[in-house]
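Below is one structure, written out as structure tokens; the observations come after it.
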Amino acid sequence: MTARSLIEAWAALVALSMGTAALTMFEVSGSTRTTIAAGVLGLAGLKARMILIRYLRLNQSRFWMRLFDMVLATFLGLAFAAYLLGIEE
């Protein structure tokens, strides 16, 4: 991995983390809270995928990348479902 690629990946992770932090600053309720929760989980998924692709170099293997994409999507979907089940309205 080149230094430039490493810095680009790090900058993208910092930007995604800042986006996550910005989403958590809002005081909202109802369906907007659910949308923000989905956004936070989506950004977490993007960060996980970036780490898998850039740092673990899974982009070199289609099989492993697809497998981790499915596992990650399943986990995030289950986490969002658990959030929805736990909401008190």
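Residue numbers run from 1 in the order of the sequence given.
When hydrophobic clusters are built by joining Ile, Leu, Val, Met, Phe, Trp and Tyr residues whose side-chain heavy atoms come closer than 4.5 Å, directly or via intermediates, L58 is grouped together with L67.
In plain terms, the two heavy atoms of F68 and L52 that are nearest each other are CB-CD1, 3.9 Å. Summarising the geometry of I36 relative to F26, their closest heavy-atom pair is CD1-CB, 3.9 Å, with the distance given to 0.1 Å.
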Name the atoms and distances for all side-chain donor-acceptor pairs under 3.5 Å in residues 37-51, with sequence neighbours left out.
| from | atom 1 | to | atom 2 | distance (Å) |
| --- | --- | --- | --- | --- |
| R49 | NE | D69 | OD1 | 2.9 |
| R49 | NH2 | D69 | OD2 | 3.0 |

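The environment of OH in Y55 is crowded: more than 12 heavy-atom neighbours from other residues, nucleotides or ligands sit within 6.0 Å.
Rounded to the nearest 0.5 angstrom, L76 CG and L72 CG are separated by 4.5 Å. The OG1 atom of T2 lies 7.5 Å from the CD atom of E8; values are rounded to the nearest 0.5 Å. If you take OG1 on T34 and OH on Y83, they are separated by 4.5 Å, rounding to the nearest 0.5 Å. One distance of note links CZ of R54 with CG of N59; it measures 8.5 Å at 0.5 Å rounding.
At a threshold of 4.5 Å between non-hydrogen side-chain atoms, the residues M70 and F75 do not count as touching. Between T74 and L78 there is a side-chain heavy-atom pair separated by less than 4.5 Å.
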- Query: Please walk me through it: do W10 and V14 pass side-chain contact (heavy atoms from CB on, under 4.5 Å)?
  - Reply: CA-CA 6 Å; W10 177 81; V14 168; 3.6 Å; yes
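Within the 3.5 Å criterion, the main-chain N or O of A21 finds a donor-acceptor partner in the side chain of T24.
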